[in-house]
Every structure is written in C-alpha cells, then in structure tokens.
Amino acid sequence: MTQPSVDQAYLAKRQLRKGTAGWMLLAGLGVSYVISGDFAGWNFGIGEAGWGGFAIAACLMALMYLALVLSLAEMSAAIPAAGGGYSFARQAMGPAGGYLTGLAVLIEYALAPAAIVIFIGAAVESLLGINGPLVYLLFYAVFIGIHLAGVGEALKVMMVISGLAVFAIIATAVALIGNFDAANLFDIAPTDAAGASTFMPFGWYGIWAALPFGMWLFLAVEGVPLAAEEAKDPARDMPKGIIGAMLFLLFTALLVVVLLAGAAGAEMIGQSGVPLVDALNAAGNPMLATLVNVLGLAGLIASFFSIIYGYSRLVFALSRAGYIPKPLSLTSERKVPYLALIVPGVFGFLVSLSGEGDLILGMAVVGATLSYALMALSHILLRIKQPDLPRPYKTPGGVVTSGIALVLSLVALTGVYAFDPRAFNYTIVLFIAGAAYYFLYSKNKLVAKTAEEEFALVVASPDEIDEDEPASVAAAKL
C-alpha cells in the first residue's frame with residue numbers, strides 16, 4: 001500500500017516557533033530535565049551497592065551519558081528536527097527504526113512525569129499536609145497551561161524554577177564541606193556476597209543492581225534535541241546546549257554523591273527519602289535543611305515541567321510524520337502543539353492514580369535504555385551510510401564513542417531487570433503493543449516517503465510553505 005502524500009496546508013497547521021531558544025536556554029532545559037534526580041532516588045543505589053559500588057555504577061552511567069550526549073550533539077546539529085532520537089533513527093534505520101526509537105523515548109517521557117508528580121504529591125504532603133489525585137491534577141493542569149502560553153514563556157519559567165533547585169544543591173554542598181569525613185563513605189559492613197569488601201559491601205551484584213540509580217543522576221538529558229526546531233541556530237546551539245547541560249550535571253552529581261555520604265554516612269544516605277535534608281540535619285544545619293526541603297519541590301517541578309515540554313515535541317513530531325494520529329501535531333496561533341501537550345498529560349495523570357511511583361519510574365528507565373541503544377546505533381549507522389552528511393559538529397572519537405554508549409546502555413538495561421523485573425516486563429509488553437500498532441496500521445499512513453523528504457519539509461520556514469503545493473514537490477525544491 002502506498003504512503004499518502006500531503007499538501008502544504010497540512011504543514012502550515014503544524015509549525016513550531018523557530019528561533020526561540022539560544023544555547024543557554026537549551027542547556028537550562030537539559031539541566032531542568034534531570035535536576036530532580038539530584039534531590040532523591042539516586043541515593044538508594046548506595047543501599048544496593050554501598051558507596052564504593054554505587055560510585056562505580058554512577059561512573060559507568062556518567063560515561064554512558066557523556067558518550068551518548070556527544071553522539072547526539074553531532075546528530076542534532078546535522079538533523080535539527082523536533083523528533084530528536086526518532087528523527088536521527090529514521091535517517092539511519094528507515095521508518096520502522098525511527099518509530100521504534102521514538103516509541104522507546106515516548107515511553108520514557110510519558111511515564112516519567114507521572115512518577116514525578118507522585119513524588120511532588122509526597123513533597124506537598126510533607127509541607128502542607130495534602131496529597132492525592134487533586135494535587136496531581138492541579139500540577140498537570142497548571143504546567144500544561146503554562147506551556148500552552150508559548151515556548152518562550154515556558155522556557156523562561158523553567159529557567160527560574162531550575163535556578164532555585166540548583167541554588168539548593170550548591171548551598172547544601174557548601175554547608176557540608178566542613179563535615180566531610182572519608183570514613184563515613186564506608187560505614188556499611190561487608191556482606192558475604194561475591195566480591196564484597198569495605199569499598200563495595202554488596203559485591204559485584206550490587207553494582208549491577210545500582211546501575212538504574214546511577215542513571216537517575218542524568219536521566220532525560222538526552223531530550224535537549226527535542227527543542228531543535230525552536231533553536232536560534234541549531235548547528236551551533238544544539239551541541240553547546242546539550243554538552244553544557246551534561247557537564248553541569250556531572251558537577252552536581254559529584255557534589256551530592258560525595259558530600260552527602262561523606263558528611264552524614266553512606267548507610268543513612270542510602271536509606272533516606274530526602275538525602276539533602278537529612279544530611280543537613282545530621283550536620284547541624286536545620287534552618288538550611290528546611291529551606292532545601294522547600295526548594296527540593298522546585299527541583300521536582302523543574303523536571304516535571306521540562307519533561308512535559310519534551311513529550312509534547314516528540315508526540316508532535318511522530319504525529320506530523322503520520323506514525324500516530326495526525327491531529328496530535330496541530331499547533332495553535334502561538335505555534336504550540338496543544339493536543340500533544342494535553343493528550344499525553346491526561347494519560348500521565350491516569351497512570352499517576354496508581355500511586356506506584358517507583359514502578360512507573362522503573363518503566364521509564366527501561367524505555368530510556370532502549371532508546372539510548374537505538375540512538376547510539378543510529379550515530380554509528382549514519383557515520384557508515386552517510387559519511388558526506390554535513391556535520392557542523394563532529395563527535396570526538398566518532399563511532400568508538402557511540403559504541404561505548406551502545407554497550408553501556410545494553411548493560412544498563414539488564415541492570416533494570418536485576419533491580420525490578422516487574423518494571424522491565426511491563427515495559428517490554430508496552431513496547432511490543434506500540435510496535436504492533438505501527439506494523440499493523442500506521443506504517444501505511446506516513447506523510448513522507450523518505451527521511452530526506454520529511455527533513456526537507458521540517459526545515460522549510462513558514463513563508464516557504466505554499467498551501468497548494470504537494471509535499472514531495474516542496475521537498476524537491478529544498
């Protein structure tokens with residue numbers, strides 16, 4: 001069955017506001033995606049592996065993300081489309097590979113806000129005594145509403161919220177430096193597990209099970225390329241933005257992983273629901289602990305807010321291409337994909353009603369690791385199949401760098417299974433169902449016949465769109 005053509009009236013109703021975000025806003029977006037992970041969640045990896053074992057797991061995941069980010073920097077500059085990993089994979093692996101990569105990212109980005117809003121509810125309860133579905137609904141409604149006002153407005157609000165969260169982390173680090181004692185890092189008694197020692201008391205298995213918690217320090221930074229169509233100068237701004245975000249996140253990860261356990265003890269931090277707050281209280285800083293407890297909510301909100309942005313741009317791109325229902329890519333007068341914001345938001349809210357924050361988060365991590373493997377593979381294939389593709393930025397190390405990301409992402413995927421087989425199995429079922437939708441239905445509904453044709457349409461400016469001209473003709477002109 002042949003794929004349908006589309007006239008330019010279709011694309012005129014599906015335009016994002018180009019030139020909105022410079023590299024600083026893009027870097028801020030990358031930090032916002034991740035910053036809540038510094039406040040809680042990662043520390044349970046110490047409970048799985050001890051401080052030394054978790055440090056090894058976190059370093060492996062930091063290497064994976066750095067290699068992936070350097071690969072994405074090249075692809076996002078060469079292929080500046082809102083689909084991010086989906087767009088890169090379609091160029092490298094065709095329509096099916098593009099969809100499966102986009103599906104994996106979508107699982108991550110649709111589920112992560114549902115997990116985060118559950119954690120937001122718990123934080124609100126500790127501060128105000130209220131929690132539950134009404135709190136979840138309020139946060140979804142307010143922050144989707146801000147996004148509906150326009151991308152420029154939304155990204156500026158996001159920068160302010162993220163700034164408060166970053167302040168809390170740096171203030172905590174400064175307060176704890178004087179209390180650091182290296183002996184506190186190794187206060188967990190070794191078990192009889194294989195390879196166990198004072199450095200890694202739960203042995204080699206503990207390191208494996210701690211990998212998903214190491215990911216939590218960087219999870220979702222790969223979403224920066226989803227803003228490519230709204231960047232001022234994608235060839236320059238995308239690499240600077242995503243690499244800048246990653247370097248800053250490496251710095252904040254180092255602060256929390258070393259200083260919290262070093263000041264309060266690895267055993268206590270490995271069990272804490274609010275590690276920054278508990279470390280400050282243990283170090284005799286109750287006033288700052290109260291402030292950080294409040295600002296920890298800002299960190300959760302920053303990630304919640306920015307991942308909503310990310311899923312909307314991915315849904316927009318998949319819908320515009322015809323992989324999922326086309327109405328989801330319609331944009332408002334403010335050039336905002338309103339249905340791509342609202343529909344996944346309703347889905348996420350319904351998922352949040354389960355209250356299973358840890359399970360939902362585990363499923364999001366499975367989707368993430370699948371997408372990392374496919375994005376790293378896309379970089380390798382693009383280098384091999386399209387060596388002459390204009391690349392304003394080139395990944396240091398080339399396919400060796402993306403090969404490292406590929407191998408470590410597959411290792412991380414097995415680590416999720418080691419920690420939570422239920423999350424792994426549920427996500428694979430969801431992925432298979434999504435794949436079946438494509439192979440049984442939507443593969444015959446795609447808008448463009450080739451990745452090149454689709455990309456040519458994406459980079460066309462609104463004033464280049466002739467509403468009476470077929471898409472294939474417009475693509476040939478560009």
Side-chain angles (χ1 to χ4, degrees), residues 21-22 24-43 112-113 115-128 130 135 138-147 149 151-177 216-221 223-224 227 241 244-257 259-260 272-281 285-310:
M24 285 289 290
L25 270 180
L26 293 171
L29 176 63
V31 172
S32 294
Y33 279 139
V34 183
I35 199 66
S36 65
D38 283 333
F39 284 86
W42 64 268
N43 55 297
I116 293 171
V117 83
I118 293 171
F119 303 146
I120 288 174
V124 170
E125 184 175 25
S126 70
L127 295 171
L128 303 176
I130 57 174
V135 173
L138 177 65
F139 274 88
Y140 264 109
V142 168
F143 290 105
I144 287 176
I146 294 172
H147 279 295
V151 63
E153 294 79 0
L155 291 179
K156 289 170 185 174
V157 170
M158 176 208 69
M159 287 287 282
V160 173
I161 299 172
S162 300
L164 294 172
V166 169
F167 169 79
I169 293 169
I170 293 176
T172 299
V174 170
L176 293 179
I177 287 175
W216 193 230
L217 292 163
F218 312 103
L219 184 73
V221 68
V224 173
M246 185 64 201
L247 293 177
F248 187 81
L249 291 166
L250 287 169
F251 170 68
T252 58
L254 181 65
L255 291 181
V256 297
V257 171
L259 290 177
L260 267 62
S272 173
V274 281
L276 275 73
V277 175
D278 286 345
L280 287 167
N281 280 325
N285 291 285
M287 291 183 64
L288 181 57
T290 301
L291 176 61
V292 168
N293 198 22
V294 174
L295 294 181
L297 179 59
L300 288 168
I301 290 172
S303 292
F304 177 73
F305 186 49
S306 54
I307 295 174
I308 286 174
Y309 169 86

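Throughout, numbering of the chain's residues begins at 1 and tracks the sequence.
In plain terms, the two heavy atoms of L249 and G30 that are nearest each other are CD1-O, 4.0 Å. Annotation for I35 and A302: closest pair CG2-CB, 3.8 Å, computed over non-hydrogen atoms. The two residues A298 and I161 make their nearest non-hydrogen contact at O-CG2, 3.2 Å. Across every non-hydrogen atom of H147 and I308, the tightest pair is CD2-CG2, 3.6 Å. In terms of heavy-atom proximity, W216 sits nearest to W42 at CD1-N, 3.3 Å. Nearest heavy atom pair, residue G28 against residue M159, reads CA-SD, 3.5 Å.
No side-chain heavy atom of L250 sits less than 4.5 Å from a side-chain heavy atom of L254. Contact of the L260 side chain with the N43 side chain is not registered, since no non-hydrogen atoms from C-beta on lie closer than 4.5 Å. The shortest side-chain heavy-atom distance between V221 and F248 does not fall under the 4.5 Å cut-off. Residues V34 and L217 fail the side-chain proximity criterion, which asks for heavy atoms closer than 4.5 Å. Between I169 and T172, every side-chain heavy-atom pair lies at or beyond the 4.5 Å cut-off.
Taken from CG in L276 to CG in D38, the straight-line distance is 8.0 Å, to the nearest 0.5 Å. In this structure, L297 CG and F39 CZ are separated by 10.0 Å, a value rounded to the nearest 0.5 Å. We find the CZ-CD1 distance between F305 and I146 to be 5.0 Å, quoted to the nearest 0.5 Å. Taken to the nearest 0.5 Å, the CG atom of L219 stands 9.0 Å off from the OG atom of S303. Taken from CD1 in I307 to OG in S36, the straight-line distance is 6.5 Å, to the nearest 0.5 Å. For the atom pair CG (L288) and CG (N293), the distance works out to 11.0 Å, reported to the nearest 0.5 Å.
For the side-chain hydrogen bond (donor to acceptor under 3.5 Å, both in side chains) test, residues two or more places apart in sequence or in another chain that qualify with S32 are S162.
Between F139 and F143, the ring-plane angle classifies as parallel under the 30° and 60° cut-offs.
Ring centers of Y309 and Y33: at least 6.0 Å apart, outside the cut-off.
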